[in-house]
Amino acid sequence: MIIIKTPEEIQLMRKAGEILAKCHQEIAKMIKPGLTTMVINDFAERFIQEQGAEQVVKGFKGYPFATCTSVNDVIAHGFPNEEPLQSGDIVKVDIVCRYNGWCADSCRTYPVGTISPEAERLIQVTKECLLLSIEKAVAGNRMGDVMHVVQKHAEGAGFSVVRDLVGHGIGRSMHEEPTFPHVGKPGRGVRLQEGMVFTIEPMINAGKHEMFIELDGWTARTYDGSLSAQFEHTVAITKDGPLVITDGIF
């Protein structure tokens with residue numbers, strides 16, 4: 001069942017989104033070679049608590065950390081660790097917080113030091129996939145209209161879209177209905193209506209879209225070892241068009 005939010009509830013969700021945006025802005029200042037993803041994780045958890053919010057990820061189905069930090073060919077759900085980041089790496093930082101009972105979810109891909117032209121282009125195209133798809137997130141459209149834009153733009157640039165990890169509704173819980181891959185055909189899928197709130201979080205690979213999960217049960221990697229990038233916003237459908245709950249993360 002898709003839970004429709006009132007305009008007042010959407011405004012409450014914006015506070016959680018503002019906290020995440022500020023957290024990402026601070027992380028952007030920290031990113032450099034030699035930094036560890038565990039330092040990023042600990043900072044994000046502390047920052048969220050200092051804002052009067054709570055992290056949502058740690059403890060979810062046994063996940064042991066407050067963030068997902070995914071480096072290079074790790075698509076998503078990477079564990080923070082003590083290994084220093086190197087110049088040329090790209091790192092995805094995915095964070096969820098809850099404020100006054102309402103959640104927001106966001107991810108940003110950060111370049112570390114000087115990265116390759118291919119990595120720069122991958123990051124740029126992934127960001128464009130997110131922004132172009134948000135333009136289609138209006139009442140009356142279908143989810144396939146939104147996700148077709150992601151697929152068309154990514155594949156047109158010579159990249160691929162991960163199929164096995166999906167976007168989802170969000171509200172008082174981190175994961176709600178609907179769930180959907182970031183590929184689709186126009187006119188297909190759930191019809192969007194005012195009051196829906198969901199994540200748009202394209203995961204774009206430089207190589208093929210296939211992936212595998214490591215033995216830890218969480219870490220998702222590209223099957224061919226290619227780089228992967230992700231940007232994610234929490235988006236509400238309103239009478240005035242799409243409202244980006246997590247606006248300001250990049």
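- Checking side-chain atoms of R108 against main-chain N and O of I249 turns up a donor-acceptor pair under 3.5 Å.
- Side chain of T109 to main chain of Q230: a donor-acceptor pair is present (N/O by atom type, distance under 3.5 Å, no hydrogens or angles).
- With hydrogens and angles disregarded, a donor-acceptor distance shorter than 3.5 Å links the side chain of S87 to the backbone of T114.
- Scanning both residues, R172 and C103, for their nearest heavy atoms gives O-SG, 3.6 Å.
- The shortest non-hydrogen separation linking G34 to P84 is O-CB, 3.7 Å.
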Pair K5, E176 - check salt bridge (charged side-chain N to carboxylate O under 4.0 Å, His left out), show working.
CA-CA 12 Å; K5 281 75 179 179; E176 296 181 354; 2.6 Å; yes
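- Within 6.0 Å of the NZ atom in K22, the count of heavy atoms belonging to other residues, nucleotides or ligands does not exceed 12.
- Screening V74, I75, D73, D224 for a side-chain contact (heavy atoms from CB on, under 4.5 Å) involving M211 leaves a single residue, I75.
- Considering all non-hydrogen atoms of both residues, S228 and N205 come closest at OG-OD1, 2.8 Å.
- A donor-acceptor pair is defined here as one N or O able to donate and one able to accept, closer than 3.5 Å; such a pair exists between the side chain of T199 and the backbone of H168.
- You'll find the side chain of H182 stays beyond 4.5 Å of the side chain of V166, heavy atoms only.
- The CH2 atom of W102 lies 10.5 Å from the CD1 atom of I170; values are rounded to the nearest 0.5 Å.
- No side-chain heavy atom of H148 sits less than 4.5 Å from a side-chain heavy atom of V183.
- Here the shortest heavy-atom pairing between A104 and I245 reads CB-CG2, 4.3 Å.
- Between the side chains of H209 and Y223, no donor-acceptor pair is found at a separation under 3.5 Å.
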Check against side chain to side chain contact (heavy atoms under 4.5 Å, CB included), K58 and F65:
CA-CA 5 Å; K58 185 162 65 175; F65 302 100; 5.5 Å; no
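- Of all heavy-atom pairs between T37 and P80, the closest is OG1-CA, 3.4 Å.
- The backbone N or O of S160 lies less than 3.5 Å from no partner atom in the side chain of E155, so there is not a single donor-acceptor pair.
- Distance check: S70 OG to W218 CH2 gives 12.0 Å after rounding to the nearest 0.5 Å.
- Within a 6.0 Å sphere centred on CZ of R163, heavy atoms belonging to other residues, nucleotides or ligands number more than 12.
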Under the side chain to side chain contact (heavy atoms under 4.5 Å, CB included) criterion, do Y99 and E18 qualify, and how do the steps go?
CA-CA 10 Å; Y99 184 81; E18 290 171 5; over 6 Å; no
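- With rounding to the nearest 0.5 angstrom, the CZ atom of R121 is 9.5 Å from the CD atom of E128.
- For the pair R191 (side chain) and G140 (backbone), a donor-acceptor distance under 3.5 Å is present.
- The backbone N or O of V146 lies less than 3.5 Å from no partner atom in the side chain of S133, so there is not a single donor-acceptor pair.
- Side-chain atoms of Q55 come within 3.5 Å of backbone atoms of V57 as a donor-acceptor pair (strictly under, hydrogens ignored).
- The line from CZ of F231 to CG of D94 is 12.0 Å long, rounded to the nearest 0.5 Å.
- Rounding to the nearest 0.5 Å places CG of D145 at 13.5 Å from NZ of K185.
- Put simply, the side chain of H233 never gets that close to the backbone of I200: no donor and acceptor are under 3.5 Å apart.
- At most 12 non-hydrogen atoms from other residues, nucleotides or ligands lie less than 6.0 angstrom from CD of E83.
- Residues V138 and G241 come closest through the heavy atom pair CG1-CA, 4.5 Å.
- Residues forming a side chain to side chain contact (heavy atoms under 4.5 Å, CB included) with E54 (at least two apart in sequence, or on another chain): R98.
- Note that CG of D247 and OG of S106 are 11.0 Å apart. Values are rounded to the nearest 0.5 Å.
- Between L165 and H77, the closest side-chain pair of non-hydrogen atoms falls below 4.5 Å.
- Placement of L130 and L122 within a single hydrophobic cluster is found when ILVMFWY residues are connected by side-chain heavy-atom separations under 4.5 Å, directly or transitively.
- Between the D42 side chain and the V39 main chain, no donor and acceptor come within less than 3.5 Å of each other.
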